[in-house]
Amino acid sequence: MQPSYHPQKIEREAQAHWQKTKAALAVEDASKPKYYCLSMFPYPSGKLHMGHVRNYTIGDVLARFHRMQGYNVMQPMGWDAFGLPAENAAMANGVPPAKWTYDNIAYMKKQLQSLGFAIDWERELATCTPQYYKWNQWLFLKLLEKGIVYKKTGTVNWDPVDQTVLANEQVIDGRGWRTGALIEKREIPMYYMRITQYADELLDALDTLPGWPERVRTMQANWIGRSEGVEVHFPYAESEGVLKVFTTRADTLMGATYCAVAAEHPLATLAAKKDWQLARFVEECKRGSVMEADIATQEKKGMPTGLHVVHPLSGEKLPVWVANYVLMGYGEGAVMAVPAHDERDFEFATKYELPIRQVIKSKSGAYESVVAPWQAEYAEHGVTVNSGEFSGLEFQQAVDAIAAALEKKNLGNKRVQYRLRDWGISRQRYWGTPIPIIHCESCGDVPVPDDQLPVVLPEDCVPDGSGNPLNKRADFLDCTCPKCGKPARRETDTMDTFVDSSWYYLRYACPDNANAMVDERAQYWLPVDQYIGGIEHAILHLLYSRFWTKAMRDLGLIKLDEPFAHLLTQGMVLNESFFRKTEAGRIQYFNPVDIEIRTDDKGNRTATLLRSDGQPVESGGIGTMSKSKNNGVDPQSLIEEYGADTARFFMMFTSPPEQTLLWSDEGVDGASRFLKRVWAFGHQWHERFINVSKQQTTTYAFPADIAKVEPIVGALRREVHTVLKQATADIERKHFNTVASAGMKLLNTLQDAGNKAGATASPHFVQAVHEGLGILMRVLYPMTPHIAHALWSGLGYAGEIVDAPWPKVDESALASDEVELVVQVNGKLRGHILVPKSADKAVIEQLALANETVLKHTNGQPPRKIVVVPGRLINIVV
RNA sequence: GCCGGGAUGGCGGAACUGGUAGACGCACGGGACUCAAAAUCCCGCGGCCGCAAGGUCGUGCGAGUUCGAUUCUCGCUCCCGGCACCA
């Protein structure tokens with residue numbers, strides 16, 4: 001054993017050893033419980049960032065820990081390799097997205113390997129390979145046959161200068177990011193997945209996922225947004241037909257004073273034909289953003305259409321307005337407006353001087369009549385008033401009565417509405433899975449036959465920002481119609497990359513199967529037992545994956561209702577940013593590695609200076625690591641300087657996995673210092689362990705009365721096993737930061753005991769240290785596998801640490817016949833008393849009341865009440 | 001705007017089911033070693049009052065429930081994630 005810690009050397013050796021012994025290879029084995037541990041696969045953006053390091057370290061800790069517990073573990077890795085950044089890089093550098101992507105994958109794979117993750121690389125996949133996306137295409141066609149995939153028009157951002165569709169991300173303040181041109185909305189035909197058909201199951205099955213965080217389940221439930229209400233039909237006053245609206249507040253129907261439709265609603269289009277001012281307004285509405293956040297925060301604007309509808313129950317004529325706050329994508333694209341009991345309607349009615357009619361009386365007496373300004377109580381359920389025959393009813397009674405009346409007149413009915421919309425998967429972009437459709441002049445849209453799959457994406461295109469380069473590729477476009485054999489043209493739209501990530505976890509079970517999307521091995525490995533990824537995926541990716549699983553199940557491909565049994569959503573990695581304002585008024589950011597922070601003698605910050613010129617910089621606060629703020633820390637330099645174990649240990653120690661993690665150079669130093677101490681301690685005891693048998697790695701024989709005969713041994717073992725007990729509970733509930741501190745406590749304990757025992761250490765004491773160090777190494781192993789591996793074999797413990805079981809707590813080492821109780825007077829801590837473990841309540845009370853400080857604080861008053869919490873505290877109330 | 005989450009010393013965080021607030025680490029201060037520095041080791045370290053013993057305040061803000069609240073309830077403030085074409 002080397003006397004000092006050389007992480008680069010021991011990590012290289014450990015990794016080479018594990019590669020040679022195929023330590024991470026996962027093989028189906030029915031004799032053991034399986035554990036499928038999956039981290040969200042990375043987008044190959046160029047190099048790893050700290051978020052990746054954190055994500056995959058969490059996954060690796062769980063994978064290694066479960067192996068220690070006897071599970072047959074599979075931890076795979078792959079690449080979410082299609083997507084927009086590759087096209088952006090192509091535009092910037094002229095490199096084809098394929099080459100850029102494959103180069104990035106090669107580099108990032110090396111980085112992942114240098115971190116020592118126990119990944120079964122034989123299962124590696126990349127979504128941009130024809131072997132993978134063939135099955136996107138195949139399933140797309142199966143779902144098209146079943147009617148789950150269908151075609152309709154959808155709205156996209158159109159850049160009129162580049163003549164191209166832009167992603168939301170590429171629209172900045174309503175303008176194209178490259179051209180600066182005002183963006184228009186455009187309606188184009190697209191393929192959709194009928195996820196709404198599964199809305200009820202996706203919602204109900206959330207209850208079958210106790211392993212998911214409550215907040216994610218709540219977010220998904222709200223996203224699906226099932227609401228029960230009434231569809232109301234308002235007949236057109238000036239023509240045939242009805243305006244359909246959906247409402248959850250049918251009890252307020254008699255208070256409706258106008259209706260409002262979205263700018264895209266047919267009624268708006270119709271009215272705009274006769275009114276140029278309205279036409280201009282409708283155009284203006286269509287110009288705005290397609291993003292919900294923008295629509296919800298923009299100023300509410302509207303214009304009357306001049307058209308009217310008839311109130312289905314009162315027969316009153318109500319005006320129809322076009323309003324920019326009505327969404328075409330939700331419900332019917334039209335709403336009935338009840339200004340007295342809906343905040344948005346109230347605001348709108350006040351602005352445009354539309355009538356406000358109160359039809360609900362406050363039940364709590366919070367208000368008498370609805371008057372400006374708006375009060376939250378106006379929207380609460382209450383008793384109906386001013387509603388003719390429907391007056392005097394409670395909420396549910398009113399809804400029932402009004403729904404029945406509407407149904408009788410054939411002008412409405414109760415129904416369920418979802419907020420969830422169908423999933424549009426067409427993208428007018430190059431670097432994605434080609435949609436396997438052929439357009440034929442005589443046969444229309446023809447699916448590509450199975451035996452012609454995959455439709456291969458040419459890999460040498462270089463997008464230039466003006467439309468999809470596939471449209472310029474005759475060798476891709478030109479084909480023959482599979483039905484009639486005449487010349488035809490291929491579809492050039494590609495699929496949303498969420499399609500790729502909706503089923504990759506199934507493919508890891510059988511990545512080598514060229515003849516089927518999934519096979520029986522998926523049945524063995526699935527569901528994923530533990531899924532780990534960013535909270536930012538709480539809705540879209542996870543919901544699409546759940547939907548996809550159910551769709552595949554219904555095609556008979558798998559027997560699986562839910563893909564992910566347990567979910568851990570890890571927090572983001574943050575860092576402080578530093579900047580200066582240049583003379584031109586621009587903000588220039590400096591990387592934190594180039595900043596010197598000065599502090600006073602209390603540790604408070606006094607100055608932040610740029611090292612190169614010694615001049616001050618300002619703090620831009622704490623935020624996610626990003627290119628724009630230049631506050632990223634490169635994992636590569638960290639690994640090279642400190643080693644993988646330090647990087648991993650720092651990540652686990654600094655924050656609990658679900659919380660944000662604040663980067664700290666000093667924290668990294670601390671982690672490194674700890675590992676050096678671990679190594680030094682191992683080396684220090686190396687010689688003395690020679691006489692301890694290898695058999696004793698897991699079973700140690702101590703005399704039953706060791707604590708009495710050798711108190712120092714008893715005390716050491718009590719400490720070690722107390723910490724182990726805590727560490728075991730913590731790793732099980734995934735509190736890795738306290739598992740890391742348990743490791744530190746173990747080392748402190750062993751070191752203190754060693755210092756006390758000195759050179760006179762007895763054989764039992766050496767054995768207790770041997771036991772404690774073996775426990776320490778196994779507690780650390782999931783987090784810092786390399787140093788644990790090297791010490792384990794270096795110190796002569798039996799076998800390899802990859803095969804070692806998680807240590808067991810020796811309850812007999814914890815035994816003690818006295819407990820310390822906290823004594824409180826009136827809830828305030830006043831002292832501690834030592835009582836025999838067997839002491840009953842009366843004895844404890846007596847001991848406490850006789851306590852000197854208690855007497856002082858009770859001032860001789862008799863206790864009014866005494867609360868005793870066994871094993872914890874006693875509270876005397878006077 | 002809507003949905004979800006968070007806030008504890010100078011800093012990251014700990015406190016399992018309402019029971020000793022601040023484990024563990026970082027930073028900082030003092031000391032040892034050294035010609036010196038680094039590294040390492042030892043001690044201290046929430047605020048205020050006090051030589052000390054001890055007292056007192058203290059978990060974003062304001063209320064409430066309780067013998068007892070970081071933990072439960074209600075009302076706020078600020079920060080973060082998502083909002084359907086970033087992944």
Side-chain angles (χ1 to χ4, degrees), chain A residues 40 42-43 45 80 83-85 88 154 156-157 165-171 213-216 218-219 221-223 225 290-298 325 329 343-344 419-429 496-498 501 534-541 543-544 569 571-572 574 597 599-605 621-624 653-656 658-662 664-667 669-671 673-674 676-677 680 726 729-730 733 735 737-738 740-745 748 820-824 826-829 832 853 864-867 869 872-877:
Chain A
M40 289 181 186
Y43 178 79
S45 54
D80 187 12
L84 200 54
N88 295 339
V156 294
N157 304 304
V165 175
L166 296 184
N168 284 337
E169 186 192 53
Q170 299 169 314
V171 180
E214 186 71 43
R215 57 172 165 161
V216 176
T218 309
M219 280 192 264
N222 291 335
W223 184 264
V290 297
M291 289 165 73
E292 195 183 305
D294 294 335
I295 292 163
T297 48
Q298 71 194 356
Y325 69 87
E343 188 172 1
R344 280 186 314 186
R419 208 188 74 94
L420 180 68
R421 307 201 293 262
D422 278 340
W423 172 19
I425 60 155
S426 294
R427 296 290 179 270
Q428 297 67 45
R429 271 189 271 286
D496 181 5
T497 55
F498 274 123
S501 56
I535 181 68
E536 68 272 19
H537 296 289
I539 296 175
L540 292 179
H541 162 61
L543 193 64
Y544 291 149
T569 50
M572 294 182 309
L574 312 180
I597 294 174
T599 59
D600 63 16
D601 58 9
K602 281 187 175 161
N604 294 315
R605 179 182 292 185
I622 295 186
T624 50
F653 175 66
T654 301
S655 289
E658 307 223 88
Q659 278 180 40
T660 55
L661 181 147
L662 180 59
S664 152
D665 288 330
E666 293 78 17
D669 282 332
R673 206 174 301 156
F674 169 67
K676 278 183 198 157
R677 282 177 58 209
Q726 175 234 312
D730 284 347
R733 55 188 186 130
H735 290 199
N737 55 327
T738 51
S741 45
M744 292 174 164
K745 280 185 203 172
N748 291 345
E820 194 183 54
L821 289 189
V822 167
V823 184
Q824 296 182 334
N826 291 334
K828 282 191 176 153
L829 174 69
H832 299 91
T853 25
R864 206 151 53 84
K865 186 175 178 183
I866 299 179
V867 184
V869 183
R872 280 203 182 267
L873 62 69
I874 169 160
N875 187 16
I876 296 157
V877 188

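The shown structure was predicted, so the numbers you read here are calculated from the model rather than taken from an experiment. Reminder, nothing fancy here: chain letters follow the sequence lines and each chain counts from 1.
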Applying a 4.0 Å non-hydrogen cut-off, can you work out what Leu873(A) is touching in the nucleic acid: base, sugar-phosphate, or nothing?
base
Under 3.5 Å, which N/O atoms of the protein pair with N/O atoms of nucleotides 64-71 of chain B?
residue : atom : partner   : partner atom : Å
C67(B)  : O2   : Asn875(A) : ND2          : 2.4

Using a heavy-atom cut-off of 4.0 Å across all strands, would you classify Tyr43(A) as base, sugar-phosphate, or nothing?
sugar-phosphate
Sugar-phosphate only, base, or nothing, as touched by Thr497(A) at under 4.0 Å among non-hydrogen atoms
sugar-phosphate
Could you work out, with side-chain contact (heavy atoms from CB on, under 4.5 Å) as the rule, every residue matching Ser426(A), not counting sequence neighbours?
Met190(A), Tyr191(A), Gln428(A), Ile435(A), Asp493(A)
Name all residues meeting the salt bridge (charged side-chain N to carboxylate O under 4.0 Å, His left out) criterion together with Glu292(A); count only those two or more places apart in sequence or in a different chain, and write none if there are none.
Arg419(A)
With sugar-phosphate meaning primed atoms plus P, OP1 and OP2, does Asn748(A) contact a base, only sugar-phosphate, or nothing at under 4.0 Å between heavy atoms?
sugar-phosphate
Using the P atom as the reference point in each nucleotide, state the distance between A27(B) and A84(B) in Å, no decimals.
44 Å
Which part of the nucleic acid, if any, lies within contact of His832(A), taking any heavy atom under 4.0 Å across all strands shown: a base, the sugar-phosphate backbone alone, or nothing?
base
Give every pair of a protein N or O atom and an N or O atom of nucleotides 54-57 of chain B that lie under 3.5 Å apart, one pair per line with the distance.
residue : atom : partner   : partner atom : Å
G55(B)  : OP1  : Arg830(A) : NH1          : 3.3
G55(B)  : OP1  : His857(A) : NE2          : 3.1
U56(B)  : OP2  : Arg830(A) : NH1          : 3.3

Find every protein N or O atom lying less than 3.5 Å from an N or O atom of nucleotides 37-44 of chain B, and list the pairs.
none

Would you please name every residue forming a side-chain contact (heavy atoms from CB on, under 4.5 Å) with Ala293(A), sequence neighbours left out?
none
Do Gln170(A) side-chain and C85(B) base share a donor-acceptor contact under 3.5 Å?
no
Sequence-distant partners of Arg421(A), salt bridge (charged side-chain N to carboxylate O under 4.0 Å, His left out), two or more places apart
none
Counting any heavy atom closer than 4.0 Å, what does Val823(A) reach on the DNA or RNA strands: base, sugar-phosphate only, or nothing?
nothing
Partners of Trp423(A) by ring pair (Phe, Tyr, Trp, His ring centres under 6.0 Å), sequence neighbours excluded?
Tyr544(A)
Base, sugar-phosphate, or nothing for Tyr325(A), non-hydrogen atoms under 4.0 angstrom?
nothing
In dot-bracket notation, what is the pairing pattern of RNA chain B, taking Watson-Crick (N1-N3 plus N6-O4 or O6-N4) and G-U wobble (N1-O2 and O6-N3) contacts under 3.5 Å, with [ ] crossing and | for other strands?
(((((((..(((......[....))).(((((.......))))).((((....))))..(((((..]....))))))))))))....
Could you write out each protein N or O paired with an N or O of nucleotides 80-84 of chain B at a distance under 3.5 Å?
residue : atom : partner   : partner atom : Å
C83(B)  : O2'  : Glu292(A) : OE1          : 3.3
A84(B)  : OP2  : Glu292(A) : N            : 3.2
A84(B)  : N6   : Arg419(A) : O            : 2.9
A84(B)  : N1   : Arg421(A) : N            : 2.9

Heavy atoms only, 4.0 Å cut-off, all strands: where does Pro656(A) land among base, sugar-phosphate and nothing?
sugar-phosphate
Please identify each residue that fulfils salt bridge (charged side-chain N to carboxylate O under 4.0 Å, His left out) with Arg427(A), with sequence neighbours left out.
Asp496(A)
What residues, two or more places apart in sequence or in another chain, satisfy salt bridge (charged side-chain N to carboxylate O under 4.0 Å, His left out) together with Asp730(A)?
Arg733(A)
Ser655(A) side chain N/O closer than 4.0 Å to the phosphate oxygens (OP1, OP2) of G13(B)?
yes
Contact class for Gln659(A) (heavy atom, under 4.0 Å): base, sugar-phosphate, or nothing?
sugar-phosphate
